[in-house]
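Inspection log for the structure reproduced underneath, given as structure tokens.
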There are 2 protein chains.
Amino acid sequence: MPAKLNADLLRGGMDLMVLSALAQRPMYGYLLQQSVERTSGGRVTVQAGTLYPLLHRLEDDGLVRSRWDETTGRRRKWYELTADGRKRLVRQARQWTEFADCLRRMLAPVLDVPLESA
Amino acid sequence: MPAKLNADLLRGGMDLMVLSALAQRPMYGYLLQQSVERTSGGRVTVQAGTLYPLLHRLEDDGLVRSRWDETTGRRRKWYELTADGRKRLVRQARQWTEFADCLRRMLAPVLDVPLESA
DNA sequence: ATAGATATATAGCCGTTCGAGGCATTGGTG
DNA sequence: CACCAATGCCTCGAACGGCTATATATCTAT
């Protein structure tokens, strides 16, 4: 029996995107915004009011670790994945793709509808 | 430039599942719960406290239409898609798959990680 | 009779996202 | 120089959706 996939998976899209971006390399907030915007092909914008609370939450949960960089004029807070964060990312990513496949199967009949209905 | 896909798409999973179930045939609430549970392979449970407010919302938005059936001992409220509901479903479904593909691409590197990290 | 499945619905809580702001620095243009 | 856009971090309140718990009532099987 597969795992249950409810609200946490339905929402967690933002968390997944941020975690997967940080899995590539450490980043600071503003860079993360750009990264998600770019790698999503301009489809997804992470608002600052979403991003920063999210990062703080991830840090509280021990999934990321942060460090201030004061050497330049602009204060930057770099974030990197912890080992726990990486494990969580992999687990969540697998659950999400499972959910996505599941929903895709449910939508299959709908998506066969001809174009005039769009 | 593709459409923007933000929070509404990230959450909208439940709406999509319910609308796609109703696209097959009219159903009443309890039947819908079973249907989603079954067609998701037991992965997704739609709680009653989620389903009924959702259905009322869809009706307020003119995406579904309801009719009471009092002929049997058990009161049943049948729901069916409206023309608007069907159009919305098709549009949302396309946007969702676009978003899912997008996120899947972002997750691709993560999902190559060997099993010991799960 | 009693429990469990069927059937709809609301109330309260909590977490997430958004929009609107605040604050400060840097770089470029007129 | 004055100004503005971009960079960079952040918080707050409103809106919304999902969850749990609860209420109510009928039907079926033991």
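Quick note on labels: first sequence line is chain A, next is B, and so on, each numbered from 1.
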Rounded to whole Å, CD of A/Gln33 lies from P of C/dT17 at a distance of 14 Å
What one should report as the nearest heavy-atom pair of A/Ala100 and B/Arg104 is CB-NH2, 4.0 Å
When every non-hydrogen atom of B/Leu111 is compared with those of A/Ala93, the smallest separation belongs to CD2-CB, 3.8 Å
In numerical order, the residues of residues 13-28 of chain A whose heavy atoms come under 4.0 Å of DNA chain C are A/Met14
Heavy-atom closest pair (A/Leu19 atom, A/Leu81 atom, distance to 0.1 Å) is CD2-CD2, 3.6 Å
**Asked** Quick one: does B/Asp101's side chain get under 4.5 Å of B/Arg105's, heavy atoms only?
**Response** yes
note: A/Arg76, atom CZ; D/dA6, atom C1'; distance rounded to Å ~ 12 Å
From CD of B/Gln34 across to P of C/dA7 the rounded distance in Å is 8 Å
Donor-acceptor contacts, no H, no angles, side chain residues 71-79 of chain B, under 3.5 Å, sequence neighbours left out:
| from | atom 1 | to | atom 2 | distance (Å) |
| --- | --- | --- | --- | --- |
| B/Thr71 | OG1 | B/Asp69 | OD1 | 2.7 |
| B/Thr72 | OG1 | B/Arg74 | N | 3.4 |
| B/Thr72 | OG1 | B/Arg74 | O | 2.9 |

From CG of A/Leu31 across to P of D/dT7 the rounded distance in Å is 11 Å
To the nearest angstrom, the CZ-P distance between B/Arg75 and C/dA9 comes to 7 Å
In short, A/Gly62 meets A/Thr82 closest at the heavy-atom pair O-OG1, 2.7 Å
Problem - Full working for side-chain contact (heavy atoms from CB on, under 4.5 Å) between B/Arg94 and B/Glu98 - result: CA-CA 6 Å; B/Arg94 292 211 175 109; B/Glu98 195 189 341; over 6 Å; no
Sorted by number, residues from residues 52-71 of chain B placing a heavy atom under 4.0 Å from DNA chain D are B/Arg57
Would you give me the side-chain donor-acceptor pairs under 3.5 Å for residues 24-37 of chain B, sequence neighbours excluded?
| from | atom 1 | to | atom 2 | distance (Å) |
| --- | --- | --- | --- | --- |
| B/Gln24 | NE2 | B/Ser20 | O | 3.4 |
| B/Gln33 | NE2 | B/Val46 | O | 2.8 |
| B/Glu37 | OE2 | A/Lys4 | NZ | 3.4 |

Would one find a side-chain N or O of B/Gln47 under 4.0 angstrom from OP1 or OP2 of D/dC19?
yes
Which of C/dA7, D/dG18, D/dT7 is nearest the side chain of B/Tyr30? It is C/dA7
When rounded to whole Å, the CZ to P distance for the pair A/Arg11 and D/dG18 reads 8 Å
Please list every donor-acceptor pair under 3.5 Å in which a side-chain atom of residues 52-60 of chain A meets a protein atom from a residue at least two apart or in another chain.
| from | atom 1 | to | atom 2 | distance (Å) |
| --- | --- | --- | --- | --- |
| A/His56 | ND1 | A/Tyr52 | O | 3.2 |
| A/Glu59 | OE1 | A/Ser66 | OG | 3.4 |
| A/Glu59 | OE2 | A/Ser66 | N | 3.3 |
| A/Glu59 | OE2 | A/Ser66 | OG | 2.7 |

Got a list of protein N/O to nucleotides 23-26 of chain C N/O distances below 3.5 Å?
| from | atom 1 | to | atom 2 | distance (Å) |
| --- | --- | --- | --- | --- |
| C/dT25 | O2 | A/Arg74 | NH1 | 2.3 |
| C/dT26 | O4' | A/Arg74 | NH1 | 3.3 |
| C/dT26 | O4' | A/Arg74 | NH2 | 3.0 |

Between CG of A/Leu32 and C1' of D/dC10 the distance, given in whole Å, is 15 Å
